[in-house]
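For reference, the structure discussed in these notes is given below.
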Amino acid sequence: MVPSTPHPRRWWALGALVASMLVLAFDSTILNVSLPTMAVQLGATTGQQQWVADAYVVVFAALMLPASLLGDRFGRRRMLIAGLGVFLAGSVLGALAGDVNAVIAARAVMGVGAALIMPLSPAVLPALFGPDERGKAVGMISAASALGMPLGPLVGGRLLDHFWWGSVFLINIPMAALGIGVCLLLLPETRDPSGPKVDPLSTALTVAGLGALIHAVIEAPDRGWADPLVLAMFAAAAVLLLGLVLRERRSPRPMLDMSLLARRGFLLNTIAATLVMFVLSGLMFTVPTCLQAVLGHDAFATGVRLLPLSLGLMAAARGAQAAVVRFGSRAVVTAGLVVPAFAALLGTRTTADSGYGFTALWLSLTGLGSGFAVVPAMDGALGALPADRAGSGSGLLMTLRQVGGAIGIALLGSLLASAFRDRLDVAGLPSPAAHTARESVVAAHGVAVRTHAPHLAASADAAFIHGMSLVLLVCGTASLAAALLAALLLPDTPVVRRAGAPEDASAMAAPAADAGQ
């Protein structure tokens, strides 16, 4: 929809959209530095910390596409305001939560709000701006997402150093309230009644299937991979997700158009972009705990020390298109995947005595490589689609990226937890204390203080570093395998902008809305 005359308050209205994206950007990265603090103040186990992150991501991934269709049908302004309201309510619940289970529930509520905000904020731009101004508007929304990446950990760290853990949710409240007010006053209503209808059964299958899969992966290290409940959850996930695929394949107008995966350019670029999310989400779950619990930094210092990853990612996202023009998309995506593989292998050399300079090196390389891989991969995926399927392809791509992030947190977090438990030396501890120590490195340090057992603290640090090294090894191997796949099979075609596709890949690639969670 192109406005016949420029909307008189379009730039003010853009402020509402920028505020909406900024609140998601802050929240997604602010959580990374707060999880270790939650582990201390709420006694959260590693599995519970995984659920704090994944409750948001699973709901976000499952509902993002249905939410965009609700906006098409009932009005994007109305649904965007509803999303901001739900996100605000979830933030209030999170700030007031008295235990970790309440935080998990609040994060799930926030995921519902985020699913409405993320696709609908850029969707209203065509009603506000003509083609000559739309690129600048998209760039401002992208900048808001990018700005939240480095600022989230810094602001979160400062809050955690001076207030209780729930304060990280409070920053969302005024920002969401401001977004609601500006949307009510300035944003025009738009809709597209011709779009596909929301399929409640497909939505339910997505939520239940992903939830069962994530539940099985998170519970497996504690219960065992052969535990009947874990096996039942895996079986249920397989049945539910297979049912989703079959239903969507038979639908004349599916929400998730699985047939798009038959296009090689779309499939391989989507795999590359999803793998980057898998790696970044797993790392952003693991590294802050290492910086705080093992290396002894406070929350704000941890936020500062995460900056190389965010800044490397932002710098690469800005330079990726120029690199594609010069070297071709296949070479850039392949090289981009090789760099984080090398960085991950470097990271496996980290010890409890490593200086920060070494950590900053491999974090910045991870960010640079990921940025150079994900932007051309997402552009290439959308460029492989015909114009009339750009919208459904974009929805499928973003959904799969979120799923990759959720599985990254669950699988890599579970690998870390399992390795930590196996390596931790609890000899001589009473059974209840040993059980508590195995829950997380933070819990082990707490038991070491109470029992005056410095050897336990040293063992916990070594066990956590060992687990993190295994996580990095898996990340590096996966990145290297994806790089080989891209080098051999990825089409090296120029990026062609499609109608309905984002004008700025960084709007979709910015991990401010994804990588942390």
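If you're wondering where the values come from, they're calculated on a predicted model, not measured in any experiment.
Taking the side chain as every heavy atom from C-beta outward, Leu337 and Leu485 never approach each other to under 4.5 Å. At a threshold of 4.5 Å between non-hydrogen side-chain atoms, the residues Arg450 and Thr436 count as touching. Side-chain contact check for Leu490 versus Thr334: every heavy-atom pair is 4.5 Å or farther apart. The shortest distance between side-chain heavy atoms of Ile407 and Val217 does not fall below 4.5 Å. The side-chain heavy atoms of Leu456 and Leu424, taken from C-beta on, include a pair separated by under 4.5 Å. When side chains are defined from C-beta on, Val86 counts as touching Val109, because their heavy atoms get closer than 4.5 Å. For the pair Val279/Ser479, a side-chain contact is recorded, criterion being any heavy-atom separation below 4.5 Å from C-beta on. The shortest side-chain heavy-atom distance between Leu213 and Val403 does not fall under the 4.5 Å cut-off.
Aromatic ring pairs are classed by plane angle as parallel below 30°, tilted from 30° to 60° and perpendicular above 60°; the pair His215 and Trp51 is tilted.
The salt bridge (Lys or Arg N to Asp or Glu O under 4.0 Å) analysis of residues 206-220, with sequence neighbours excluded, yields the pairs Glu219-Arg223. Among residue pairs with one or both ends in residues 419-429, none qualify as side-chain hydrogen bond (donor to acceptor under 3.5 Å, both in side chains); sequence neighbours excluded.
Applying the side chain to side chain contact (heavy atoms under 4.5 Å, CB included) criterion to Leu346, with sequence neighbours excluded, gives Phe342, Phe358, Leu361, Trp362, Leu365. Under the side-chain hydrogen bond (donor to acceptor under 3.5 Å, both in side chains) criterion, His445 pairs with Asp461, not counting sequence neighbours. Every side chain to side chain contact (heavy atoms under 4.5 Å, CB included) that Ala108 has, sequence neighbours left out, goes to Ala55, Val59. Annotation: side-chain hydrogen bond (donor to acceptor under 3.5 Å, both in side chains) contacts of Gln50 (sequence neighbours excluded): Ser414. Ala434 pairs by the side chain to side chain contact (heavy atoms under 4.5 Å, CB included) definition with Val426, Leu429, Arg438, not counting sequence neighbours. In terms of the side-chain hydrogen bond (donor to acceptor under 3.5 Å, both in side chains) criterion, Thr270 has no residue partners (sequence neighbours excluded). Considering only residues two or more places apart in sequence or on other chains, Ala335 meets the side chain to side chain contact (heavy atoms under 4.5 Å, CB included) condition with none of them.
Of the possible polar contacts, none joining the Arg107 side chain to the Tyr56 backbone as a donor-acceptor pair under 3.5 Å is found. With hydrogens and angles disregarded, no donor-acceptor distance shorter than 3.5 Å links the side chain of Ser459 to the backbone of His455. In this structure, the side chain of Asp99 engages the main chain of Ala102 through a donor-acceptor pair within 3.5 Å.
Of the listed residues (Leu280, Thr359, Leu368), just one forms a side chain to side chain contact (heavy atoms under 4.5 Å, CB included) with Leu309, and that residue is Leu280.
Note: Leu295 CG to Cys290 SG = 4.5 Å, rounded to the nearest 0.5 Å. Distance check, rounded to the nearest 0.5 Å: CZ of Phe278 to CG of Leu411 gives 5.0 Å. We find the CG-CG distance between Leu241 and Leu210 to be 5.5 Å, quoted to the nearest 0.5 Å. In this structure, Arg401 CZ and Leu275 CG are separated by 11.5 Å, a value rounded to the nearest 0.5 Å. Note that CE of Met233 and CG of Asp227 are 10.5 Å apart. Values are rounded to the nearest 0.5 Å. Taken to the nearest 0.5 Å, the CG atom of Leu363 stands 10.5 Å off from the CG atom of Leu307.
Residues Ser370 and Val276 approach most closely at CB-CG1, 3.8 Å, considering heavy atoms. Of all heavy-atom pairs spanning Gly371 and Ala320, the tightest one is O-CB, 4.2 Å. Looking at every heavy atom in both residues, Ser91 comes nearest to Ile173 through CB-CG1, 4.1 Å. Between Leu397 and Ala381 the shortest heavy-atom distance is CD2-CB, 4.2 Å. Val442 approaches Pro36 most closely through the heavy-atom pair CG2-O, 4.2 Å.
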Report the C-alpha distance between Val103 and Phe169 in whole Å, list the side-chain angles of each, state the deciding distance to 0.1 Å, and finish with yes or no for side chain to side chain contact (heavy atoms under 4.5 Å, CB included). CA-CA 10 Å; Val103 176; Phe169 293 108; 4.2 Å; yes
Checking Val304 against His297 for the side chain to side chain contact (heavy atoms under 4.5 Å, CB included) test, could you report, in this order, the C-alpha distance in whole Å, the side-chain angles of both residues, the deciding distance, and whether it holds? CA-CA 10 Å; Val304 172; His297 301 296; over 6 Å; no
If you apply the rule side chain to side chain contact (heavy atoms under 4.5 Å, CB included), what do you find for Ser34 with Trp165, and how did you get there? CA-CA 7 Å; Ser34 62; Trp165 62 267; over 6 Å; no
Test side chain to side chain contact (heavy atoms under 4.5 Å, CB included) on Leu42 and Gln48 and set out the steps. CA-CA 10 Å; Leu42 292 177; Gln48 289 172 324; over 6 Å; no
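Atom NE2 of His435 has 12 or fewer heavy atoms from other residues, nucleotides or ligands within 6.0 Å.
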Atom pairs and distances, donor-acceptor, side-chain atoms in residues 151-161, under 3.5 Å, two or more places apart:
unit_1	atom_1	unit_2	atom_2	d
Asp161	OD1	Ala299	N	3.3
Asp161	OD2	Phe300	N	3.2

Would you give me the side-chain donor-acceptor pairs under 3.5 Å for residues 282-289, sequence neighbours excluded?
unit_1	atom_1	unit_2	atom_2	d
Thr286	OG1	Gly282	O	2.9

Please list, one pair per line, the donor and acceptor atoms closer than 3.5 Å that link side chains of residues 466-478 to other protein atoms, with sequence neighbours excluded.
unit_1	atom_1	unit_2	atom_2	d
Ser469	OG	Thr348	O	3.3
Ser469	OG	Ile465	O	3.0
Thr477	OG1	Leu473	O	2.8

